[in-house]
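Just so it is clear: chains get the letters A, B, ... in the order the sequence lines come, proteins before strands, and each one is counted from 1.
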Amino acid sequence: DQQVKQNSPSLSVQEGRISILNCDYTNSMFDYFLWYKKYPAEGPTFLISISSIKDKNEDGRFTVFLNKSAKHLSLHIVPSQPGDSAVYFCAASSGTYKYIFGTGTRLKVLA
Amino acid sequence: DAGVIQSPRHEVTEMGQEVTLRCKPISGHDYLFWYRQTMMRGLELLIYFNNNVPIDDSGMPEDRFSAKMPNASFSTLKIQPSEPRDSAVYFCASSLSNSPLHFGNGTRLTVT
């Protein structure tokens, strides 16, 4: 049973445009959410996080939105750059250090 | 800081053999995690430790899998006997309390 779902395995976006990556979760006890970026042959690296007491968190070109009623979060990258091409994982936890990850979305930013 | 160090980077072994994966966490981090990445299931949490003590091993798939953390700077994940379906990339990660995980570069395991 996949508690964190990333239903789009891949996404292609033109350089300079907005990339929107989506993530859905089923466990209403999740209260902390993170996004990680992964390049080939490397481990995932932390990108941005959000607590359930907020609905938006912004860090430079990256913004995460949380819709608790819909159990949905999204990552917006504006403007997208070729170096953003990677696999993006969302993750969630419920007050513990047991982070549950999704299956990932491969983003390709076209120059 | 050297980051989380995993060895080996690649491991190819035959079915039935014992496999040991190693991890050195970031110095000072008190949490250590083992994850497995597959195409179908993404990143699955296998087990995590706090101050060298296993806290949750509910993700360990079978008794063939075991993990130890004898001290704050070293952990192992052992598979005995290995099977082809264990082929995956295994990641170790460490963190401080209330901080994001820092991952190593993973060990790609192939069991033939």
Side-chain angles (χ1 to χ4, degrees), chain A residues 1-10 21-27 29-53 57 59 62 64 73 75 86-107, chain B residues 1-10 21 23-26 29-60 69 88-109:
Chain A
D1 177 32
Q2 199 77 13
Q3 296 187 65
V4 177
K5 301 177 185 179
Q6 294 178 257
N7 293 317
S8 298
S10 64
L21 296 101
N22 294 303
C23 180
D24 297 296
Y25 60 95
T26 57
N27 188 342
M29 299 301 292
F30 287 148
D31 60 3
Y32 187 60
F33 304 88
L34 310 92
W35 283 95
Y36 277 78
K37 179 168 73 173
K38 183 184 179 306
Y39 292 121
E42 295 183 8
T45 54
F46 171 72
L47 197 54
I48 192 169
S49 64
I50 188 167
S51 162
S52 62
I53 62 173
N57 189 26
D59 183 2
F62 302 91
V64 56
L73 68 154
L75 174 68
V87 177
Y88 290 78
F89 291 96
C90 66
S93 71
S94 56
T96 71
Y97 294 92
K98 189 170 182 175
Y99 295 97
I100 308 298
F101 282 77
T103 51
T105 296
R106 184 178 301 276
L107 173 66
Chain B
D1 196 326
V4 175
I5 299 172
Q6 292 186 246
S7 63
R9 288 300 309 271
H10 302 275
L21 310 181
C23 176
K24 177 177 167 55
I26 293 173
H29 281 190
D30 53 355
Y31 283 85
L32 184 138
F33 305 79
W34 282 100
Y35 280 86
R36 177 172 68 176
Q37 183 190 9
T38 61
M39 288 294 292
M40 292 301 295
R41 301 178 68 87
L43 281 164
E44 294 177 272
L45 176 63
L46 301 177
I47 185 172
Y48 77 93
F49 296 82
N50 177 220
N51 292 323
N52 313 339
V53 176
I55 303 301
D56 188 332
D57 66 353
S58 59
M60 296 286 260
M69 192 166 185
V89 181
Y90 291 80
F91 288 101
C92 175
S94 69
S95 75
L96 286 167
S97 303
N98 297 321
S99 71
L101 308 182
H102 294 257
F103 284 83
N105 285 332
T107 295
R108 180 175 294 278
L109 174 64

Checklist entry - What's the shortest heavy-atom distance between A/Pro44 and B/Phe91, and which atoms? => result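 The answer is CD-CE2, 4.0 Å.
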
| message | How close do A/Phe46 and B/Leu101 get, counting heavy atoms only, and between which atoms? | response |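 That would be CB-O, 4.5 Å.
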
Go through chain A and chain B and list any donor-acceptor pairs closer than 3.5 Å, backbone and side chains both.
| residue | atom | partner | partner atom | Å |
| --- | --- | --- | --- | --- |
| A/Tyr36 | OH | B/Leu101 | N | 2.7 |
| A/Tyr36 | OH | B/Leu101 | O | 3.1 |
| A/Ala41 | O | B/Arg9 | NH2 | 2.9 |
| A/Gly43 | N | B/Asn105 | OD1 | 3.2 |
| A/Tyr97 | OH | B/Asn98 | N | 3.1 |
| A/Tyr97 | OH | B/Asn98 | OD1 | 3.3 |
| A/Lys98 | NZ | B/Asp56 | OD2 | 3.1 |
| A/Lys98 | NZ | B/Ser58 | OG | 3.0 |
| A/Tyr99 | O | B/Tyr35 | OH | 2.9 |

Q.
Counting only non-hydrogen atoms closer than 4.5 Å, does B/Leu43 touch chain A with its backbone (N, CA, C, O), its side chain (CB onward), both, or neither?
A.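 Both the backbone and the side chain of B/Leu43 come within 4.5 Å of chain A.
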
